[in-house]
**Student:** 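First the structure, then my questions, so here it is.
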Amino acid sequence: MQEAEAVEGSRELRVRWADGSESRFPCVWLRDNCRCPRCLLPSAQARALPLEQLDVDVAARHAALAPGDKLRVTWPDGHASEYEGAWLRARCFSEAARARVQSELFLPERRWWGSELELPRLPFDEVLRDAGSAYAWLRTLRETGVVLLRGAPARPGALLALGRRLGFLRLTFYGPTWLVQDKADANNVAYTSGRLPLHTDYPALQHPPGVQLLHCIEQAAAGGESELVDGLHVARRLRERSPDAFRLLAATAVDYADTGTDYCDFAVHCKQRIIDVDARGEPVRINYNNATRASVLDVAPEHVRPFYAALRAFDELLRHPEHVVTFKLEPGDVLTFDNWRLLHGRRGYEPGRAGGRCLEGAYADWDVVLSRLRLLRDEVRGGRAQGPAPAGQ
Ligand code: OGA
Ligand code: NM2
Ligand code: ZN
């Protein structure tokens, strides 16, 4: 810091940096973010200052640079605060600086894809062993939405190891992990040998699982191929081509239901918009499983046919060959994907005799995955430059 100057009746401090640029810091924000141990619990890096002690109009009584590149501020009640130059600079309020900080916090941009996608692949054991590979896994999971981990043992347990790598898995009514097999009296359409049309898992939950892990233990001789589509990409296409269909799917609250017994008995019901959009209208999550879409439909009768027409338009665009990637999992493959972004499906298969097709599945929440991604990024940055990029097929 070169210079600090009080402006706006001392309600704002202006700092000039060595490179000549300037940053503005409103005093109410400075007071709110005092670093002293009375205002901040150091062991938790958490604010200890209650809001009722914050004067929105607070002005600095005195502000000056102090040795060690610090800004020292004294407040009207005598309280003193000190801020390090680098700490302040990382919190500059300029639009460009804020955009930089936000992209650091919220991690890599998405890359859209269609049927041309070469599935990103990484060795399963490297991801468990090596921080650079684990970072490459999670970074690609965020950017592309899918990574195929290969070479896991073809028996249950691999997902628990990946769960420990992340932190922990998401428990649902189908258990900590679950077996996708042709089962008698199946409590879910997935547990048959039938075709599964493109869907996202578990829109019946208010907070559907962000990430899905599917470990192939045994594959069917005939059928059972997997299909993947970049649902957020297709939703954006729908907005261009059929804006009315897009608007309807982004506005209509659709009921989902799931009732039965598995890990314990359950009667799940909730409402979801099939295309979930953020405050700016950008699609952020697809909530679409035709199997668990409830028979109650909470719209006026005159809106029923337009709703179905919009859903048919979206479904057709999803299934368009230019959007679908098809492949067949092999024993030892672990397919990991963004369940908020991708839709996945499976072709029907020959049930076969004893054993037969068997996948083990599990879920993780994006909070856990992104937390691990940030920690791995910092670990990898501290050591080597970057992990190996996943190879295409
Ligand atoms: C599921 C599912 C895919 C498969 O269990 O929800 O989509 O290949 N399974 O069996
Ligand atoms: N399984 C695979 O939404 C769904 O019912 C998806 C969930 C049974 C855990 C399937
Ligand atoms: Zn599924």
Side-chain angles (χ1 to χ4, degrees), residues 119 145-146 148 156 159 163 169-229 231 254-272 274 285-294 318 324-352 355-365:
L119 272 191
V146 54
L148 182 61
L159 298 187
L169 297 170
R170 166 86 178 268
L171 176 61
T172 71
F173 289 110
Y174 290 96
T177 70
W178 25 271
L179 291 178
V180 183
Q181 275 176 313
D182 185 26
K183 299 175 189 176
D185 297 317
N187 63 3
N188 192 283
V189 295
Y191 298 161
T192 67
S193 60
R195 164 178 178 254
L196 295 181
L198 290 168
H199 65 281
T200 61
D201 266 27
Y202 238 148
L205 295 179
Q206 297 195 37
H207 188 78
V211 170
Q212 182 164 172
L213 315 167
L214 282 177
H215 174 204
C216 179
I217 291 163
E218 213 176 312
Q219 182 57 282
E225 292 86 355
S226 304
E227 295 181 339
L228 292 176
V229 170
V254 173
D255 289 70
Y256 282 98
D258 197 20
T259 299
T261 307
D262 200 303
Y263 188 61
C264 67
D265 49 347
F266 54 90
V268 173
H269 193 109
C270 84
K271 278 185 149 61
Q272 298 282 3
I274 287 178
R285 190 170 87 199
I286 307 299
N287 303 297
Y288 179 40
N289 186 340
N290 209 48
T292 55
R293 190 165 49 73
L318 287 166
V324 184
V325 174
T326 306
F327 56 97
K328 190 161 176 173
L329 290 171
E330 290 169 20
D333 285 352
V334 183
L335 182 67
T336 66
F337 60 93
D338 182 343
N339 186 57
W340 283 9
R341 168 176 172 187
L342 271 61
L343 292 96
H344 61 286
R346 151 190 102 198
R347 300 222 175 123
Y349 60 92
E350 291 284 336
R357 188 179 191 273
C358 177
L359 310 185
E360 188 175 28
Y363 300 119
D365 277 327

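Computed from heavy atoms alone, side chains included, the values below leave out hydrogens, waters and symmetry copies. Whatever order the structure lists them in is the order used to number ligands and atoms, beginning at 1.
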**Student:** Are H344 and F337 close enough that their ring centers fall under 6.0 Å?
**Tutor:**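 Centroid distance H344-F337: below 6.0 Å, so yes.
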**Student:** Taking only heavy atoms of P203 into account, list the atoms of ligand 2 that are under 4.0 Å away from them.
**Tutor:** 3 (O)
**Student:** Tell me, do L342 and V229 make a side-chain contact under 4.5 Å, heavy atoms counted?
**Tutor:**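 A side-chain contact is absent here, since even the closest heavy-atom pair is not under 4.5 Å.
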**Student:** What I want to know is whether N188 and ligand 2 share at least one N or O pair that is separated by under 3.5 angstrom.
**Tutor:**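 Yes: some nitrogen or oxygen of N188 is under 3.5 Å from one in ligand 2.
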**Student:** At under 4.0 Å between heavy atoms, is it the side chain or the backbone of L196 that contacts ligand 1, or both, or neither?
**Tutor:** side chain
**Student:** Identify the closest protein heavy atom to atom 8 (O) of ligand 1: which residue and atom is it, and at what distance?
**Tutor:** R357 NH2, 2.8 Å
**Student:** Check whether any heavy atom of A204 sits under 4.0 Å from an atom of ligand 2.
**Tutor:**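 No, A204 has no heavy atoms under 4.0 Å from ligand 2.
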**Student:** Does any part of the side chain of L228, heavy atoms only, come nearer than 4.5 Å to the side chain of L343, both counted from C-beta?
**Tutor:**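 Not touching, per the 4.5 Å side-chain cut-off.
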**Student:** Answer yes or no: is there a donor N or O on one side and an acceptor on the other, between the side chain of Q272 and the main chain of N287, under 3.5 Å?
**Tutor:** no
**Student:** Using non-hydrogen atoms of the residue, decide whether N289 is closer than 4.0 angstrom to ligand 2.
**Tutor:**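 In this structure, N289 qualifies as a contact of ligand 2 - some heavy atom is under 4.0 Å.
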**Student:** For atom 1 (C) of ligand 1, which protein heavy atom lies nearest, and how many Å away is it?
**Tutor:** A190 CB, 3.7 Å
**Student:** I'd like to know if the side chain of D262 and the backbone of C264 have a donor-acceptor N/O pair within less than 3.5 Å.
**Tutor:** no
**Student:** Check whether the ring centres of Y256 and Y288 lie less than 6.0 Å apart, and answer yes or no.
**Tutor:** no
**Student:** Which of the listed options, N287, L205, D201, T200, holds the heavy atom that is closest to atom 6 (C) of ligand 2?
**Tutor:**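 That would be D201.
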**Student:** Using distance alone, determine whether Y202 and ligand 2 share an N or O pair under 3.5 Å.
**Tutor:**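 N/O-N/O distance below 3.5 Å exists for this pair.
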**Student:** State, without any angle test, whether T326 and E225 hold a side-chain donor-acceptor pair at a distance under 3.5 Å.
**Tutor:** no
**Student:** Apply side-chain contact (heavy atoms from CB on, under 4.5 Å) to residues D258 and Y174 and explain how you reach the verdict.
**Tutor:** CA-CA 11 Å; D258 197 20; Y174 290 96; 2.7 Å; yes
**Student:** Provide the number and element of each atom of ligand 1 under 4.0 Å from a heavy atom of H199.
**Tutor:**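 By the 4.0 Å cutoff, the relevant atoms are 6 (O), 7 (O).
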**Student:** Could you check atom 2 (C) of ligand 2 against the protein and tell me its nearest heavy-atom contact, residue, atom and distance included?
**Tutor:** W178 CZ3, 3.5 Å
**Student:** Contact between L171 and Y263 at the side-chain level, heavy atoms closer than 4.5 Å - yes or no?
**Tutor:** yes
**Student:** Could you establish whether Y256 and ligand 2 come within less than 4.0 Å of each other, counting only heavy atoms on the residue side?
**Tutor:**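 Y256: no contact with ligand 2 (<4.0 Å).
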**Student:** Tell me whether the guanidinium CZ or amine NZ of R170 lies under 6.0 angstrom from the six-membered ring centre of Y363 and within 45° of its axis.
**Tutor:**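 Geometry flag: not set, cation outside 6.0 Å or 45°.
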**Student:** Quick check on contacts: which atoms of ligand 1 are under 4.0 angstrom from a heavy atom of L359?
**Tutor:** 4 (C), 8 (O), 10 (O)
**Student:** Between Q212 and ligand 1, does any nitrogen or oxygen pair lie at a separation below 3.5 Å?
**Tutor:** no
**Student:** Using a strict cut-off of 4.0 Å, indicate which atoms of ligand 1 neighbour a heavy atom of H344.
**Tutor:**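 Close to H344: 2 (C), 6 (O), 7 (O).
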**Student:** Given OD1 of D201 on one side and NE2 of H344 on the other, what angle do they make at the Zn ion (ligand 3), to 10°?
**Tutor:**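 Output for this angle: 100°, rounded to tens.
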**Student:** D201 heavy atoms, cut-off 4.0 Å: which ligand 1 atoms fall inside?
**Tutor:**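 Contacts of ligand 1 toward D201, numbered from 1: 6 (O).
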**Student:** Relative to the heavy atoms of V180, which atoms of ligand 1 are at a distance of less than 4.0 Å?
**Tutor:**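 Near V180, the atoms of ligand 1 are 5 (O), 10 (O).
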**Student:** Take W178 and L159 through the test side-chain contact (heavy atoms from CB on, under 4.5 Å) and record every step on the way to the result.
**Tutor:** CA-CA 10 Å; W178 25 271; L159 298 187; over 6 Å; no
**Student:** Does W178 reach ligand 1 with a nitrogen or oxygen that is under 3.5 Å from one of the ligand's nitrogen or oxygen atoms?
**Tutor:** no
**Student:** Can you tell which of R357, K328, R195 makes a side-chain contact (heavy atoms from CB on, under 4.5 Å) with R346?
**Tutor:**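 With R346 as partner, R357, K328, R195 yield a single side-chain contact (heavy atoms from CB on, under 4.5 Å), made by R357.
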**Student:** Indicate yes or no: does an N/O atom of S226 lie under 3.5 Å from an N/O atom of ligand 1?
**Tutor:** no
**Student:** Checking a contact table here: which protein heavy atom is nearest atom 1 (N) of ligand 2, and how many Å away?
**Tutor:**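 Going by distance alone, atom 1 (N) of ligand 2 is nearest to Y363 OH, 3.8 Å.
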**Student:** For the residue pair N290 and H199, confirm or rule out a side-chain donor-acceptor distance under 3.5 Å.
**Tutor:**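 Checked: N290/H199 side chains show no N/O donor-acceptor pair below 3.5 Å.
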